[in-house]
Amino acid sequence: MLTQERHSRILEIIKNKGSVTVSELCEIFNASESTIRRDLAALTAVGKINKVRGGAMLLSQEFLNIEENINKKVNTNYNEKFRIAEYAASLIQDEDYVFIDAGSTTFLLATMITNTKATYVTNGIAQAQELAAKGCHVIVLGGDLKKSTEAITGVVAAQNLQKYNFSKAFIGVNGATEKQGFTTTDIEEATIKAVAIERSFVSYVLADSSKFGKVSAVSIAPIDSSSIICDKCSDNEIKTMTVVKEVAAL
């Protein structure tokens, strides 16, 4: 197969799948890794794709592998996150048994909650402190503490979550795309988020518009697993896959 023809087929595959690994392309074209890596480098150089470690993805997607600390994240797109959190807080009712994920938007959610009759379970240290200060009944998961995000993760935390049945869960993510679903940078945090979604009657992903079209290293769950609360969503395909509530930023 001519190089130009292989490049065209690689572009077609990535367009259809959203992303592809080097090993997948090696199998498809019966080519060596070095050949495929040169192809991906060449296509990236001319602005056709994004080459990432182990593969490539559409230019419309951005790959994220670094988790910012919680203080920096709260101040990023603050107005959008504020409106999202404000709307999410309005959904909590007296009888709810609520899971609140660690994260910047879910921290803002905790600051806005006024319902002290619901029960709250969280793996976020900052969220727990905020809710406790309001006089809420708060249950904190046991497990390993991740310093940068102040999230409690690990096997013990995931096992503890399996004991609960939530009426509502509010989940933070780093990215959301049609193909990869909801994603985050850390496999242990992804596990907590996935279990919380599974154990909830209804779950809401809180995602400002910057999260759409971005992909992190670990998939949490498919798009149709949760409703989305966002400031705006320009991805019409995602809107066909789940309920999307758009809340205008201030």
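Note that the coordinates shown come from a computational prediction; the quantities given were computed from them, not determined experimentally. We number each residue from 1, following the sequence as shown.
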For this session: Carefully, step by step, assess R83 and E86 under the rule salt bridge (charged side-chain N to carboxylate O under 4.0 Å, His left out).
Result: CA-CA 5 Å; R83 289 290 289 120; E86 184 178 52; 2.5 Å; yes
In one Ile/Leu/Val/Met/Phe/Trp/Tyr side-chain cluster, 4.5 Å: [X], [Y]:
X: L91; Y: V202; result: yes
X: V243; Y: M241; result: no
X: V22; Y: I28; result: yes

Those residues that, when tested against [X], pass salt bridge (charged side-chain N to carboxylate O under 4.0 Å, His left out) (two or more places apart):
X: K51; value: none
X: R38; value: none
X: K134; value: none
X: D144; value: none

According to side-chain hydrogen bond (donor to acceptor under 3.5 Å, both in side chains), who are the partners of [X], at least two apart in sequence or on a separate chain?
X: N165; result: R199
X: E130; result: none
X: T183; result: none
X: S23; result: T21

[atom1]/[X] to [atom2]/[Y] distance, rounded to the nearest 0.5 angstrom?
X: L131; Y: I113; atom1: CG; atom2: CD1; value: 5.0 Å
X: K232; Y: S209; atom1: NZ; atom2: OG; value: 5.5 Å
X: E5; Y: F29; atom1: CD; atom2: CZ; value: 8.5 Å
X: D235; Y: T240; atom1: CG; atom2: OG1; value: 8.5 Å
X: T35; Y: N30; atom1: OG1; atom2: CG; value: 10.5 Å
X: D231; Y: I84; atom1: CG; atom2: CD1; value: 5.0 Å

Backbone N/O of [Y] and side chain of [X]: donor-acceptor pair under 3.5 Å:
X: S203; Y: S200; answer: no
X: S226; Y: V205; answer: no
X: K239; Y: C233; answer: yes
X: D101; Y: G172; answer: yes

Exercise. Which residue pairs pass the side-chain hydrogen bond (donor to acceptor under 3.5 Å, both in side chains) test with at least one member in residues 108-123, sequence neighbours excluded?
Worked result: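 Output for this query lists D94-N115.
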For this session: Could you walk me through whether V98 and V121 pass side chain to side chain contact (heavy atoms under 4.5 Å, CB included), step by step?
Result: CA-CA 6 Å; V98 182; V121 179; over 6 Å; no
Exercise. Under the 4.5 Å side-chain heavy-atom rule for ILVMFWY, direct or indirect, which residues accompany I187?
Worked result: V218
Problem set entry | salt bridge (charged side-chain N to carboxylate O under 4.0 Å, His left out) contacts touching residues 153-170 (sequence neighbours left out) | D96-K168
Problem set entry | T177 and Q180: side chain donor to acceptor below 3.5 Å | yes
Exercise. Does a donor on one side chain and an acceptor on the other come within less than 3.5 Å for E95 and S167?
Worked result: no
Mind listing the closest non-hydrogen atom pair of [X] and [Y] along with its distance?
X: A102; Y: A151; value: CB-CB, 3.4 Å
X: A158; Y: V195; value: O-CG1, 4.3 Å
X: L161; Y: A196; value: CD1-N, 4.0 Å
X: T184; Y: A190; value: CG2-CB, 3.5 Å
X: E150; Y: A126; value: OE1-CB, 3.8 Å
X: S216; Y: N174; value: OG-CB, 3.3 Å

For this session: Apply the test side chain to side chain contact (heavy atoms under 4.5 Å, CB included) to residues R37 and D39: give CA-CA distance (whole Å), side-chain angles for both, the deciding distance (0.1 Å), then the verdict.
Result: CA-CA 5 Å; R37 291 186 188 281; D39 289 341; over 6 Å; no
Problem set entry | ring pair (Phe, Tyr, Trp, His ring centres under 6.0 Å) pairs, two or more places apart, involving residues 140-178 | F99-F166, Y164-F166, F170-Y204
For this session: Check the pair L108, L206 against side chain to side chain contact (heavy atoms under 4.5 Å, CB included), reporting the backbone distance first and the verdict last.
Result: CA-CA 11 Å; L108 288 177; L206 310 186; over 6 Å; no
So do the side chains of [X] and [Y] get within less than 4.5 Å of each other, counting heavy atoms only?
X: L43; Y: L11; result: yes
X: V244; Y: S227; result: no
X: Y97; Y: I139; result: yes
X: Y78; Y: S104; result: no

For this session: Test I192 against E188 for side chain to side chain contact (heavy atoms under 4.5 Å, CB included), laying out the working first.
Result: CA-CA 7 Å; I192 297 297; E188 292 190 336; over 6 Å; no
